[in-house]
Asker: 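Can you keep this structure in mind? I'll have questions shortly.
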Amino acid sequence: MASQPDCAPPFSQCFLSARTQQDIERDEQIYNSYEKLTSQLPIRRDWSPFDLQLFQSFWIPTKFVPPCMAIQAHFNPRPSDILLVTSPKSGTTWLSALSFATLHRHSFSLSLSDNPLLTRTPRQCVPLLENFFFHRTIPNLNVLPSPTIFATHLPFSLLPESALRCRIVYLCRDPKDTFVSLCHFLESWMISSTEHKSTTQGFDLSKAFQMFSQGTSTFGPFWDHVLGYWKESLRSPEMVLFFRYEEMMEDPVNHLRRLGQFMGCPFSMEEERDGVVEDIVKLCSFDNLRELEVNKDNKGSLEEKRPPASSFFRKGKVGDWVNYLSMEMAEKLDAITNEKLHGSGLSFESSSVVP
Ligand code: PAP
């Protein structure tokens, strides 16, 4: 039987509900068929530390392809549920913490130790949808509290029709910083996984850059990922809220107000007066979250798809790319970005460096 995802109650409930032998056999068959289909897809073995497969025009890590297929067929969220979507390393952790703290602000105190964000990682508070479907078991999501917040990296075109009935918050980030963050993340994951400790030669940034620029990266092409949600946010602004990491960094308080409003739990005048918005921003700030014991864990495993918690908290800065990319590389990514986004109304202005 499959292992259970790295998530705390109540999420583990969806795997505990009574399952008959028939259910178990059905799930086995379903996942066997997904794995067969996955084995027929184009594959890139040169993206470290895991292979990518081309599934419906996006490069998905091999182990996530069957879960993506399962999501497409079996994810039936309620209209009250909320989906947080990002291309990897665009600020999922931050957005998860902010959304969780905002939605549950009446259940937990923001400063006392009963707030789950102080003892669980943001990823445990808002688990990745792909991880729910990773365990060769179709989870019973109906047992979860309503609303539930899910995070996902699925591109818009891969979402099932059913997902469009819930509200979606999309967060994107300058591709130069996203790429640099991704490289650090993958490298730290490789290093933390014991089986790679003695063999890792370090991360090949030039190779990864070449692939990323050509659109081959985790859940890439990056630009298609962003554009899918950007266009939908223009078409249905009441269903898709579109944020940029750089803008959120500049004015987190206002963005949080918009987030609360969009999620259906706007801040009241009284809360505004009491500084609740500012308190949530502070609770979820990079410096605060990174210092929590739970977020300092350095153990990870590639096999179990479990990155170290600490790898989600590196620098949290805008413009850090300048320390890792040559001007030539930066210009190349900017040129691709300009070309891909041309005429869309979306742009990533050059990110200024934060020392
Ligand atoms: P994921 O897609 O794998 O879940 P994600 O959380 O999107 O990762 O990205 C991690 C980045 O967000 C890291 O960026 P960096 O490598 O450039 O430093 C991480 O530091 C940053 N990050 C994490 N938490 C916060 C936060 N509270 N505020 C701002 N940035 C944050």
Side-chain angles (χ1 to χ4, degrees), residues 5-7 49-50 60-61 64 83-102 117-118 120-131 149-155 169-190 192 203 205 208 217-220 222 225-226 229 243-253 255-256 259 280-292 294-296 300 302 305-325 351 353-355:
D6 177 24
C7 61
F50 38 72
I60 311 292
F64 273 156
L83 271 186
L84 309 180
V85 194
T86 50
S87 179
K89 314 328 286 182
S90 301
T92 329
T93 307
W94 189 19
L95 183 61
S96 299
L98 288 170
S99 310
F100 184 87
T102 301
L117 279 169
L118 300 180
R120 295 179 200 157
T121 66
R123 204 182 169 86
Q124 287 168 329
C125 293
V126 179
L128 200 66
L129 184 59
E130 291 82 313
N131 281 339
I149 311 174
F150 299 99
T152 180
H153 294 314
L154 274 191
V169 184
Y170 188 77
L171 175 62
C172 68
R173 187 181 190 187
D174 184 312
K176 301 191 288 307
D177 278 337
T178 306
F179 170 71
V180 166
S181 180
L182 184 60
C183 291
H184 279 100
F185 173 76
L186 296 174
E187 185 176 35
S188 72
W189 193 357
M190 282 161 79
S192 74
F203 192 81
L205 190 127
S217 63
T218 319
F219 290 90
F222 172 86
H225 201 290
V226 175
Y229 285 95
F243 280 162
R244 284 184 43 199
Y245 183 91
E246 295 76 18
E247 290 174 344
M248 247 167 81
M249 277 290 207
E250 252 179 57
D251 188 357
V253 168
H255 278 76
L256 186 57
L259 183 64
I280 293 180
V281 166
K282 210 185 290 171
L283 171 72
C284 302
S285 70
F286 177 82
D287 288 339
N288 190 51
L289 291 181
R290 192 184 50 170
E291 285 314 306
L292 297 173
V294 66
N295 293 325
K296 285 186 177 167
L302 282 169
K305 283 242 154 267
R306 181 167 41 78
S310 60
S311 65
F312 293 95
F313 302 91
R314 192 181 62 92
K315 282 192 185 170
K317 298 240 185 263
V318 171
D320 185 46
W321 60 264
V322 80
N323 296 311
Y324 299 94
L325 302 184
S351 330
V353 184
V354 180

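If you read the sequence from its start, that first residue is 1, and numbering goes on from there. Every number for a ligand or one of its atoms is a count from 1 in the order of the listing.
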Asker: Provide, to 0.1 Å, the distance between atom 30 (N) of ligand 1 and the closest protein heavy atom, together with that atom's residue and name.
Answerer: Tyr245 OH, 2.8 Å
Asker: I'd like the name of whichever of Arg173, Lys315, His184, Arg314 reaches closest to atom 14 (O) of ligand 1 through any heavy atom.
Answerer: Arg173
Asker: Quick one: which of Phe313, Tyr245, Phe100 gives a ring pair (Phe, Tyr, Trp, His ring centres under 6.0 Å) with Trp94?
Answerer: Tyr245
Asker: Tell me the nearest of Pro307, Ser285, Ser181 to atom 13 (C) of ligand 1, using heavy-atom distances.
Answerer: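 That would be Ser181.
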Asker: May I ask you to test the Cys172-Phe243 pair for a side-chain heavy-atom distance under 4.5 Å?
Answerer: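 Counting from C-beta outward, Cys172 and Phe243 never come under 4.5 Å.
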Asker: Is it the case that atom NZ in Lys282 sees more than 12 heavy atoms from other parts of the structure closer than 6.0 Å?
Answerer: no
Asker: Provide, to 0.1 Å, the distance between atom 19 (C) of ligand 1 and the closest protein heavy atom, together with that atom's residue and name.
Answerer: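 Checking every protein heavy atom, the shortest distance to atom 19 (C) of ligand 1 gives Phe312 O, 3.2 Å.
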Asker: Suppose we measure from atom 27 (N) of ligand 1 to each protein heavy atom; which comes out shortest, and what is that distance?
Answerer: Cys284 O, 2.8 Å
Asker: Strictly under 4.0 Å, does any heavy atom of His153 approach an atom of ligand 1?
Answerer: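 So His153 counts as touching ligand 1.
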Asker: Out of all atoms in ligand 1, which are within 4.0 Å of some heavy atom of Pro88? Include the element for each.
Answerer: 2 (O)
Asker: Return the residue, atom name and 0.1 Å-rounded distance of the protein heavy atom closest to atom 6 (O) of ligand 1.
Answerer: Thr93 OG1, 2.5 Å
Asker: What do you reckon, are the aromatic ring centroids of Tyr170 and His225 less than 6.0 Å apart?
Answerer: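 Between His225 and Tyr170, which both carry aromatic rings, the centre distance is below 6.0 Å.
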Asker: When you measure from the heavy atoms of Arg123 to every atom of ligand 1, does any distance fall below 4.0 Å?
Answerer: yes
Asker: Verify, without hydrogens or angle tests, whether Arg314 (side chain) and Ser181 (backbone) share a donor-acceptor contact under 3.5 angstrom.
Answerer: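 Checking the backbone N and O of Ser181 against the side chain of Arg314, no donor-acceptor pair under 3.5 Å is found.
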Asker: Less than 3.5 Å between some nitrogen or oxygen of Gly91 and one of ligand 1, yes or no?
Answerer: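 N/O-N/O distance under 3.5 Å: yes.
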Asker: Donor-acceptor pair, distance only, cut-off 3.5 Å: does the side chain of Asn295 make one with the backbone of Arg290?
Answerer: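 No; judged by distance alone, with no hydrogens or angles, the pair does not exist.
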Asker: Counting only N and O atoms by type, is there a donor-acceptor contact under 3.5 Å from the side chain of Ser96 to the main-chain atoms of Pro122?
Answerer: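 Absent.
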Asker: Considering non-hydrogen atoms of the protein only, which is the closest contact for atom 10 (C) of ligand 1, and what is the distance?
Answerer: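 Heavy-atom neighbour on the protein nearest atom 10 (C) of ligand 1: Lys89 CE, 3.7 Å.
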Asker: Counting each atom of ligand 1 from 1 as listed, which ones have a heavy atom of Gly316 under 4.0 Å away?
Answerer: 15 (P), 18 (O), 20 (O), 30 (N)
Asker: Ligand 1 and Lys317, any nitrogen or oxygen pair closer than 3.5 angstrom?
Answerer: no
Asker: Which option wins on minimum heavy-atom distance to atom 1 (P) of ligand 1: Thr178, Thr92, Asp177?
Answerer: Thr92
Asker: Donor-acceptor check, side chain of Glu246 to backbone of Val318, threshold 3.5 angstrom: yes or no?
Answerer: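 No, the answer is negative, given that no donor and acceptor are paired below the 3.5 Å cut-off.
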Asker: Can you list the residues that meet the side-chain hydrogen bond (donor to acceptor under 3.5 Å, both in side chains) rule with Thr86, with sequence neighbours excluded?
Answerer: Thr92, His153
